[in-house]
K.L.:
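Take a look at this one; I'll ask things after.
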Amino acid sequence: MKKIILTLAVFLVTISFLNAQFTKIGGGPGFSSGYYFHEMKYDYNKSGNILGYLKGIYEISVPLHISPSVSFFIPHTFKYMDEKTVVNTFMVDLNGHYVFNSLDQFEFYALAGVDIMLAWKKDKYPSITYHESDNALGLNLGVGTYMKLTEQFDLSLEAKYLISKYSQFMVNAGILINIDWLTKHEDTGL
């Protein structure tokens, strides 16, 4: 858990220093089909399905964007009598977006990128606790859209399939803040 918090803190600090380069930042909730830790198909070995994510959008040119993101899953907890198993997941993605259209209200895009997934499992028995960890490198493929809600905010919807040792389908929805609009309209105090 300390590693997750540290990684998240580093990501947020990095984003705050680089936000002048990003055109949009934000996040929201998501849903995943999940995976089985070490590919062992038991109920106690399944990951969580609900997640939260943070992402940024950096526009390279009109049709190309880069989107780094982090996702943190709500841990799956399985209890049986006096035994408890918890599976935790944390993901870091770097995706490229190809925007098919750049309309005033909607942008539709295809995405492809890399995923680094970190997973931890803790089995707690009355007399002993076991800790296991694993990681996997994967490929993201999917589609998404940005829908302008106001000049400051966009609604983001994204569906992607992660191809890896822990393959899964993910759907994310969230709010993005338009950094360009904020910088153009910030009050300089003059």
K.L.:
Test your reading of the model: is there a side-chain donor-acceptor pair from Ser67 to the backbone of Gly56, 3.5 Å cut-off?
P.N.:
yes
K.L.:
Of all the heavy-atom pairs spanning Gly34 and Asn49, show the shortest one and how long it is.
P.N.:
N-ND2, 3.7 Å
K.L.:
If the condition is ring-ring contact (aromatic ring centres under 6.0 Å, His included), which residues does Tyr98 pass it with, not counting sequence neighbours?
P.N.:
Phe100
K.L.:
Does atom CD1 of Ile116 have more than 12 heavy-atom neighbours, drawn from other residues, nucleotides or ligands, at distances under 6.0 Å?
P.N.:
no
K.L.:
Measuring from Ile25:CD1 to Asn178:CG, what's the distance to the nearest 0.5 Å?
P.N.:
10.5 Å
K.L.:
What's the separation between atom NE2 in His65 and atom NZ in Lys24, rounded to the nearest 0.5 Å?
P.N.:
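Here the interatomic distance stands at 7.0 Å.
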K.L.:
Hey, quick one: are Leu141 and Phe108 part of the same hydrophobic cluster, counting side-chain heavy atoms closer than 4.5 Å, chains of contacts allowed?
P.N.:
no
K.L.:
Just so I know, are the side chains of Lys46 and Val87 near enough to count as touching, which here means a heavy-atom distance under 4.5 Å?
P.N.:
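Heavy-atom side-chain distance check fails, nothing below 4.5 Å.
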K.L.:
My understanding is that only residues two or more places apart in sequence, or in another chain, count here; which of them pass side chain to side chain contact (heavy atoms under 4.5 Å, CB included) with Ser127?
P.N.:
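By the side chain to side chain contact (heavy atoms under 4.5 Å, CB included) rule, Ser127 matches no residue at all.
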K.L.:
Taking salt bridge (Lys or Arg N to Asp or Glu O under 4.0 Å) as the definition, give me every residue that meets it alongside Lys79, ordered by chain and number, with sequence neighbours left out.
P.N.:
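Lys79: no salt bridge (Lys or Arg N to Asp or Glu O under 4.0 Å) contacts found.
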K.L.:
For Ile60, check side chain to side chain contact (heavy atoms under 4.5 Å, CB included) against everything at least two apart and list the hits.
P.N.:
Tyr58, Leu64, Ile66
K.L.:
Shortest non-hydrogen contact from Gly48 to Phe73?
P.N.:
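Heavy-atom minimum between the residues: O-CD2, 3.4 Å.
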K.L.:
If I take atom CG from residue Asp154 and atom CD from residue Gln105, how far apart are they, to the nearest 0.5 angstrom?
P.N.:
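Going from CG on Asp154 over to CD on Gln105, the span is 9.0 Å.
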K.L.:
On a heavy-atom basis, which atom in Leu157 and which in Ala173 lie closest, and how many Å separate them?
P.N.:
CD2-CB, 3.5 Å
K.L.:
Indicate if Leu51 and Phe37 have the same hydrophobic cluster label, given that clusters are the connected sets of ILVMFWY residues with side-chain heavy-atom separations under 4.5 angstrom.
P.N.:
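Same hydrophobic cluster.
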K.L.:
Quick one: pull up CG in Leu162 and CG in Asn140 and give me the separation to the nearest 0.5 Å.
P.N.:
5.5 Å
K.L.:
Might you work through the side-chain contact (heavy atoms from CB on, under 4.5 Å) test for Asp82 and Tyr125, ending with a clear yes or no?
P.N.:
CA-CA 7 Å; Asp82 55 353; Tyr125 301 100; over 6 Å; no
K.L.:
Does Tyr53 share a hydrophobic cluster with Leu176, counting links as ILVMFWY side-chain heavy atoms below 4.5 Å and allowing steps through other members?
P.N.:
no
K.L.:
Determine yes or no for a side-chain-to-main-chain donor-acceptor pair under 3.5 angstrom, with Ser47 supplying the side chain and Tyr35 the backbone.
P.N.:
yes
K.L.:
Supply the atom-to-atom distance Ser71 OG to Met117 CE, rounded to the nearest 0.5 angstrom.
P.N.:
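It is 11.0 Å, given to the nearest 0.5 Å.
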K.L.:
Identify which one of Asn45, Thr85, Asn88, Thr89 satisfies the side-chain hydrogen bond (donor to acceptor under 3.5 Å, both in side chains) criterion when paired with Lys121.
P.N.:
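For Lys121, the side-chain hydrogen bond (donor to acceptor under 3.5 Å, both in side chains) test succeeds with only one of Asn45, Thr85, Asn88, Thr89, which is Asn45.
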K.L.:
Which value, rounded to the nearest 0.5 Å, describes the distance between Glu158 atom CD and Tyr109 atom OH?
P.N.:
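Rounded to the nearest 0.5 Å, the CD-OH separation comes out at 3.5 Å.
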K.L.:
Can you list every pair that meets side chain to side chain donor-acceptor pair (under 3.5 Å) and has a residue in residues 160-170, with sequence neighbours left out?
P.N.:
Ser32-Gln168, Asp93-Lys160, Asp134-Lys165, Asp134-Tyr166
K.L.:
Can you give me the closest heavy-atom contact between Gly113 and Leu139, atom names plus distance?
P.N.:
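Result for this residue pair: O-CD1, 3.2 Å.
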K.L.:
Is it true that Met81 and Tyr44 fall in one hydrophobic cluster, defined by side-chain heavy atoms closer than 4.5 Å?
P.N.:
yes
K.L.:
Return the orientation label for the Tyr146 and His97 ring planes: parallel under 30°, perpendicular over 60°, tilted otherwise.
P.N.:
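If you compare the ring of Tyr146 with that of His97, the planes turn out tilted.
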K.L.:
Can you name the residues that form a side chain to side chain contact (heavy atoms under 4.5 Å, CB included) with Ile74, not counting sequence neighbours?
P.N.:
Ile50
K.L.:
For side-chain contact (heavy atoms from CB on, under 4.5 Å), just list the numbers for Thr129 and His131, CA-CA rounded to whole Å, side-chain angles, deciding distance to a tenth of an Å, and then say yes or no.
P.N.:
CA-CA 7 Å; Thr129 301; His131 296 274; 3.7 Å; yes
K.L.:
If hydrophobic clusters are built from ILVMFWY residues whose side chains come within less than 4.5 Å, do Leu111 and Ile57 share one?
P.N.:
yes
